[in-house]
Each structure stands twice: as structure tokens, then as C-alpha cells.
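Just so we're on the same page: letters track the sequence lines, and every chain starts at 1. Worth saying up front: this structure is predicted, and the values here are computed from it rather than measured.
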Amino acid sequence: MCCIERERIFSANISELENIHNFVFSELDGLSNKRILHVELAMEEIIVNICSYAYEVPPGEITIKIIDCDESVSLEFIDAGVPFDPFALDDPDVAKPLLDRDQGGLGILLVRRVMDEVHYSRKDNMNRLRVVIRKSS
Amino acid sequence: MVSVSGRMDTLTAPEFEKAGTEWISEGCNDIVLDLADLEYISSAGLRSILAVAKRLLPTGGSFILCGMTGVVEEVFSISGFDSFLPVYATREEALSEK
């Protein structure tokens, strides 16, 4: 299996979304239009979460790593913020009526559903979120 | 009848919320939102729609969505937003149901 890895460090600031977007999509290849939108969605939700919550004194840094393999693409989001596993939380109740809705957790629910795999690990005092997109799906 | 196009994301959703608040304060309480030309929506976009829908409630007005396709439709379905807001396939159907 042949994989190409690229990574770059950005400031963990929402104003960097466009630069991160350009970096990722200049490297990605072989995804359908629908899957590209899925990647955009997962990226936005994860990056906004990190920029909003990871650092007690923002902005910190966020490392974006792209691992492009024959069958799949993985994106890794690495930050040195407070330990937090967003995938350990329960999904929000999406059957609630309008008035009872506060929208906590919706972004992460979307990430879970549109990506083929999601992973979290804490290593060397860093949060590592990895999402996987299979190219065939 | 309002048409939104392009992207409703972290950067653009606040504009929609602001515009929606203005329509309501001007007395436009029956809103049909045509999403046919919307390509992308994130949870920030959903939150702005929720905020406008909640402001409409005490006015007794209505908020109807139509025309959603592709990933936009998928996001509405995953989030359950299509269960508490009326959704129609086309603008014509939405207007005839009002």
C-alpha cells in the first residue's frame, strides 16, 4: 500500500479555516463531489471545536496531517489543548422538539455520520482526532 | 419567500441570523426558505436556522423549508431538523401548503 503524508501547522483560529481548507484540498485527490463536501463539513466542525475549546489561552496551534492512501484518505487534527475526546460524548437527542433544542454536540454528530471512521487518542500531551474517508464509498 | 445559495457555515451563518431577525422585526412572520441553491451547511448554519425559527414562535408565524438536495438534505436528516420544521420538495408545494 502506498501512502503520501503531508502536514502543516496553523494557528488555532477560525480565521485560518480558509487556509486549512486550501491546504487540504490542494492535496486531496480521487473523491466524489459529495465526499468532498463531507470532508469540508468534518473539517469545519472539528476545527471550530478546537479553536473554541481546546486552549485556555487561545490561540494555540493546530497541526493538520493528510495521509492519502490508495483506498482511503485520513485527516489528523492535532492540538496541545486540554484533554478532550469529543467522540466519547453521547449523541444529542435529535428527536427533541424545537423549543427544547440547544445545539450542543450537533457538529460532532455530523462528523461521526459523514466520515467512515473517527478516532481519538491522547499521546505526548496532544489530542489527536483522526477521520477516515474511503475512496470507494 | 427567501432563497439562500452557496454556503451556510461558521463564517456566513451569523449573516443569515441577523437578516432573519430583521425580517421578523419588520413583521414578516411567514417565511419560506428555499434551499435549492444551497450547496453546503454545517452545524453553525443549522444553529442560525434554529435561532430564527425560535424567534418566530411567539409571533405565531410559520417557517417552511423547501428545495433541499444532496449533502444539505443529509445534514438536515442527521440532525433531525427535518422533523420539527416543515419540509417540502419544491417552492410550489411549500407555497400551496401555507
Side-chain angles (χ1 to χ4, degrees), chain A residues 12-22 24-25 31-53 62 86 89-116 118 131 133 137, chain B residues 4-17 20 24 29 31 33 35-65 68-87:
Chain A
N13 191 307
I14 289 170
S15 62
E16 286 282 22
L17 258 178
E18 193 181 343
N19 290 334
I20 295 174
H21 188 280
N22 291 343
V24 169
F25 285 100
L31 293 179
S32 67
N33 199 33
K34 179 181 172 185
R35 295 319 316 261
I36 288 172
L37 289 169
H38 286 166
V39 172
E40 289 189 47
L41 180 60
M43 269 178 29
E44 178 184 334
E45 301 296 352
I46 290 171
I47 291 165
V48 168
N49 252 12
I50 291 173
C51 295
S52 309
Y53 305 117
I62 176 169
L89 302 175
D90 289 338
D91 284 344
D93 180 358
V94 296
K96 275 191 183 171
L98 171 61
L99 274 178
D100 298 339
R101 284 293 193 117
D102 61 36
Q103 288 319 313
L106 255 193
I108 292 302
L109 171 71
L110 292 172
V111 175
R112 250 191 228 281
R113 296 289 178 83
V114 299
M115 293 289 99
D116 295 310
V118 298
V131 298
I133 307 101
S137 57
Chain B
V4 287
S5 60
R7 306 170 63 89
M8 287 180 83
D9 58 21
T10 302
L11 303 176
T12 57
E15 285 173 41
F16 174 77
E17 191 175 334
I24 297 166
N29 295 333
I31 299 174
L33 195 61
L35 304 176
D37 293 324
L38 187 68
E39 188 194 25
Y40 173 94
I41 187 166
S42 68
S43 67
L46 290 176
R47 276 192 295 274
S48 69
I49 286 180
L50 180 73
V52 173
K54 279 188 169 170
R55 287 214 178 88
L56 265 180
L57 271 186
T59 70
S62 64
F63 195 34
I64 296 176
L65 307 174
M68 56 175 81
T69 58
V71 171
V72 172
E73 191 171 22
E74 193 181 353
V75 166
F76 271 88
S77 162
I78 293 170
S79 62
F81 270 50
D82 55 358
S83 65
F84 64 73
L85 291 171
V87 176

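Separation of atoms CG (B:L50) and CG (A:L106) is listed at 9.0 Å; rounding is to 0.5 Å. Interatomic distance, B:E74 CD to A:L110 CG, rounded to the nearest 0.5 Å: 9.0 Å. In this structure, CD on A:E45 lies 6.5 Å from OG1 on B:T10, to the nearest 0.5 angstrom.
Within the 4.5 angstrom heavy-atom criterion, no atom of A:E18 approaches chain B. Contacts of B:L85 with chain A are absent, with no heavy-atom separation under 4.5 Å from either backbone or side chain. The parts of B:V75 that come within reach of chain A are both its backbone and its side chain, each placing non-hydrogen atoms under 4.5 angstrom from that chain.
Heavy-atom neighbours of B:K54 NZ from other residues, nucleotides or ligands within 6.0 Å: above the threshold of 12. The neighbour count for A:D90 CG, taken as heavy atoms of other residues, nucleotides or ligands under 6.0 Å away, does not exceed 12.
Most heavy-atom pairs under 4.5 Å with chain B: of the set A:E44, A:K34, A:R113, this distinction falls to A:E44.
Taking A:D116 as the reference, A:R35, A:I133, A:R134, A:S137 meet the side-chain contact (heavy atoms from CB on, under 4.5 Å) condition, with sequence neighbours excluded.
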CA sep, side-chain torsions, deciding dist, call: A:V114, B:I78, side-chain contact (heavy atoms from CB on, under 4.5 Å): CA-CA 9 Å; A:V114 299; B:I78 293 170; 4.1 Å; yes

